[in-house]
Q: 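Here's a structure for you.
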Amino acid sequence: MDQMYLAIVFLPLLGFLIVGLFGNSLGVKASEFITSGFLVVSAVLSWVAFYDVALGDAEAFTVPVLRFIDSGALQANWALRIDTLTVVMFVVVNTVSALVHIYSIGYMHHDPHRPRFFAYLSLFTFAMLMLVTSNNLVQMFFGWEGVGLASYLLIGFWYQKPSANAAAMKAFVVNRVGDFGFVLGIFGIFVLFGSINLDTVFANAATYLPAAAEAAGHSAEATAVAGDTVLNFLGYQLDKSAALTVVCLLLFLGAMGKSAQVPLHTWLPDAMEGPTPVSALIHAATMVTAGVFMLARLSPVFELSHTALTVVTFIGAFTAFFAATVGLVQNDIKRVIAYSTCSQLGYMFVALGVGAYGAAVFHLFTHAFFKALLFLGSGSVIHAMSDEQDMRKMGGIRKLIPTTYWMMVIGTLALTGVGIPATIIGTAGFFSKDAIIESAFVGHNAVAGMGFVLLVVAACFTSFYSWRLIFMTFHGKPRASHEVMHHVHESPPVMLVPLFILAVGAIFAGVVFHGYFIGESYSEFWKKALFTLESNHVLHDMHGVPMWVKLSPFVAMLLGLVVSWHFYIRRPEAPVQLAQRHHGLYKFLLNKWYFDELYDFLFVRTAKRLGYFLWKKGDGAIIDGLGPDGVAARVVDVTDRVVKLQTGYLYHYAFAMLIGVAALVTWMMLGSSF
């Protein structure tokens, strides 16, 4: 049994090592088959593990790998933590990654560097698997940084393009900001709980605060006095409650960077510079979901700080709304889907913030299928349109690439949450997204009500921009050149088969699994992999919400669809007129609320000015002027003057000797007179 889990995790690493080291010798075809074959095997085994652990009777366990760190009180052995949350992530990561590998065989067919590309994909998958199987926070951080490195390599894969290099560096730098908070949070966990091993941390968390101890059935006297100072942070003396809030917020800062939450979201749309399969892998199933996974995994700790959960709810709701507003006006087909990803991640964080951890992971699970479907479908469109990504230069291709069209429609139906309220008839997004909206309605923190309103509004915007993408890309009159339209063709089977498989997930994942993730089988399914106390309250309450709450996302979805149809099918001139009438608002949204410009003014230009000053004044004037270069220059000046004394003329030396004799005689005369 242990060998199966080791194979799931290490087969992608093996594929990376073989192709990364010997890819050019093996050839392109062998590289593609080795990496893709290993991922397919890993994906199949992941479903077996899901059936055994999540749907079966197997209890959570660990698979030891090797001894890692043993230094004083700090102990962190490398082991695979296998429970329901892990196997859910196995299914998400390996299924999507395997399909992306297969899809890339067709999409990257003309690229000369395919072995390197497939090696990077497998490395990315392995790093994500390291993250989701982590049994301690050091191992989690190893995977955390691994996906950061692999994303840098994949986003900047076409390194000949300056825009791709800039996007890769932007993703790397912005994530380092969040990762700094994550590292501090890990340090804080070690200070508060004396360990970074998750089992120890969770056991100590249950009795850390008196209220938590009593809720867990322990004696409050077993804990230290709650008001004692336990952490000194930035000069502030923090008691247990404040320290937990600070540590949770630092951990959440890491999640904000990885999962593109405002204000650390700016790297996500720029990451579209990488090949489209990269977008599907990074932004549907792996890197961006790392923050959601981390908060779900650490739910027993976050439950001790309602302030931190309130902040999580607020940031998630604001991000969902913000990204949806920006998606309304984007013209690049991949950027529309990228902002949709950002918005949907906001939904997941709202669910985490109100304690609906099962709903958050459920949306992560369903979102992976329909968002990967949309990204790969957009890649099929770009492939057909001779690498064109601007939707304003598309249109009228529905009958030319009908399979891609219907796959994109299925993805859109799932993303917008089409279904019949209060029934089990609906797409994957209908079950998971509506569950989050309902959980926000019954949430107990201070901003849950605001979160509910913003999520419903975001659902309306999501429906509008999703159908806008369909209508602008496939319907209406062709806006591309005659030459481009002449070459429009359907993608090969190697690209379409992954779309079919993802479409099945986009349609059926919700109805099949909602009972396990958020329904009557919740406790048997999760088996204590998530914090259950608050989740059970929220789950119980969300199933009893008023009918108007259940109808609100459905009405929002219909409204967005109708307005989009009116703007882009019935009256295509209306959007242009609206943009002209509200030019300021249109530019505000088109420029993404000017976050990039603000950061450029506050940080980029400031850093450049500081660097220029240190270069010219610090390095040039002070260090070079007064340091080694300055000393060397003075020595040269002195030697130049000394050299001038050595002319080589005999009369110069005779004259110097006469002056010396005269000076000596004068000195002797003056000395004798005294």
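The structure displayed is predicted, hence computed values, not measured ones.
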Q: Are any non-hydrogen side-chain atoms of I189 and L251 less than 4.5 angstrom apart?
A: yes
Q: Atom CH2 of W47 and atom CG of L55: how far apart are they, to the nearest 0.5 Å?
A: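 Reported value, rounded in 0.5 Å steps: 9.0 Å.
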Q: Taking side chain to side chain donor-acceptor pair (under 3.5 Å) as the definition, give me every residue that meets it alongside S305, ordered by chain and number, with sequence neighbours left out.
A: T245
Q: Are any non-hydrogen side-chain atoms of F554 and D434 less than 4.5 angstrom apart?
A: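 No, side chains not in contact.
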Q: Got a salt bridge between K258 and D179, using NZ or NE/NH1/NH2 to carboxylate O under 4.0 Å?
A: yes
Q: Using side-chain heavy atoms (C-beta onward) and a distance below 4.5 Å, is N135 in contact with L80?
A: no
Q: Any donor-acceptor pair under 3.5 Å linking the side chain of S97 with the backbone of N94?
A: no
Q: Once you measure the plane-to-plane angle for F441 and W548, does it fall in the parallel (<30°), tilted (30-60°) or perpendicular (>60°) bin?
A: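 F441 and W548: perpendicular rings.
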Q: Strictly below 4.0 Å, N to O, side chains only: are K527 and D57 in salt-bridge contact?
A: no
Q: Classify the angle between the aromatic ring planes of H363 and H367 as parallel (below 30°), tilted (30 to 60°) or perpendicular (above 60°).
A: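 Ring orientation of H363 relative to H367: tilted.
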Q: Keeping S42 on the side-chain end and I8 on the backbone end, is there a donor-acceptor pair under 3.5 Å?
A: yes
Q: So F525 and F50, would you call those rings parallel, tilted or perpendicular, with 30° and 60° as cut-offs?
A: perpendicular
Q: Output the distance between atom CG (L455) and atom CD1 (I437), rounded to the nearest 0.5 Å.
A: 5.5 Å
Q: Could you tell me whether the side chain of L415 reaches within less than 4.5 Å of the side chain of S340, counting heavy atoms only?
A: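 With C-beta onward as the side chain, the pair touches.
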Q: Are the aromatic ring centres of W593 and Y599 under 6.0 angstrom apart?
A: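 Aromatic pair excluded; centres sit 6.0 Å or further apart.
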Q: Can you find a side-chain donor-acceptor pair between S134 and W144 that sits under 3.5 Å?
A: no
Q: Can you measure from CG (L184) to CG (L234) and round to the nearest 0.5 angstrom?
A: 8.5 Å
Q: Can you tell me if OH on Y516 sees more than 12 non-hydrogen neighbours from other groups inside 6.0 Å?
A: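 Incorrect, the count does not exceed 12.
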Q: Angle between ring planes, F322 versus F595, binned at 30° and 60°: parallel, tilted or perpendicular?
A: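 The rings of F322 and F595 stand perpendicular, inter-plane angle above 60°.
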Q: Do other residues, nucleotides or ligands put more than 12 heavy atoms under 6.0 Å from I69 CD1?
A: yes
Q: Side chains of T86 and D83: is there a donor and an acceptor less than 3.5 Å apart?
A: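 Result is yes, a qualifying pair exists.
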Q: Run the salt-bridge test on K433 and E438 with the 4.0 Å N-O cut-off and return the result as yes or no.
A: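 Not counted as a salt bridge, because no side-chain N and carboxylate O are separated by less than 4.0 Å.
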Q: With a 4.5 Å heavy-atom cut-off, do P263 and M256 have their side chains touching?
A: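 Of all side-chain heavy-atom pairs linking M256 with P263, at least one is under 4.5 Å.
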Q: Is the backbone N or O of A242 less than 3.5 Å from a side-chain atom of D239, with the two atoms forming a donor-acceptor pair by type?
A: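 Yes; at least one donor-acceptor contact below 3.5 Å.
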Q: So which pairs with a foot in residues 59-70 pass side chain to side chain donor-acceptor pair (under 3.5 Å), sequence neighbours left out?
A: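 Qualifying pairs, neighbours excluded: R67-D70, D70-Q75.
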Q: Tell me if a side-chain donor or acceptor on N204 pairs with a main-chain N or O of F193 at a distance below 3.5 Å.
A: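 A pair under 3.5 Å: yes.
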Q: Given the rule in the ring-ring contact (aromatic ring centres under 6.0 Å, His included) test, do W526 and F517 qualify, once you have shown the distances and angles that lead to the verdict?
A: CA-CA 8 Å; W526 287 110; F517 280 86; 5.6 Å; yes
Q: Which label fits H514 and F431: parallel for a plane angle under 30°, tilted from 30 to 60°, or perpendicular past 60°?
A: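 Taking F431 first and then H514, their aromatic rings lie parallel (interplane angle under 30°).
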Q: Can you confirm whether the side chains of T416 and S463 place a donor and an acceptor under 3.5 Å from each other?
A: no
Q: Specify whether F365 and F513 have parallel, tilted or perpendicular ring planes, treating 30° as the upper limit for parallel and 60° as the lower limit for perpendicular.
A: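 Aromatic pair F365/F513 classed perpendicular.
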Q: Using side-chain heavy atoms (C-beta onward) and a distance below 4.5 Å, is V9 in contact with Y5?
A: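 A side-chain contact is absent here, since even the closest heavy-atom pair is not under 4.5 Å.
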Q: Cation over ring, R176 on F172, under 6.0 Å and within 45°?
A: yes
Q: With a 4.5 Å limit on heavy-atom distance, are the side chains of R81 and V63 in contact?
A: no
Q: Is a donor from one side chain sitting under 3.5 angstrom from an acceptor on the other, for Y357 and E303?
A: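 Their side chains do contain a donor-acceptor pair, which is all the 3.5 Å distance test asks for.
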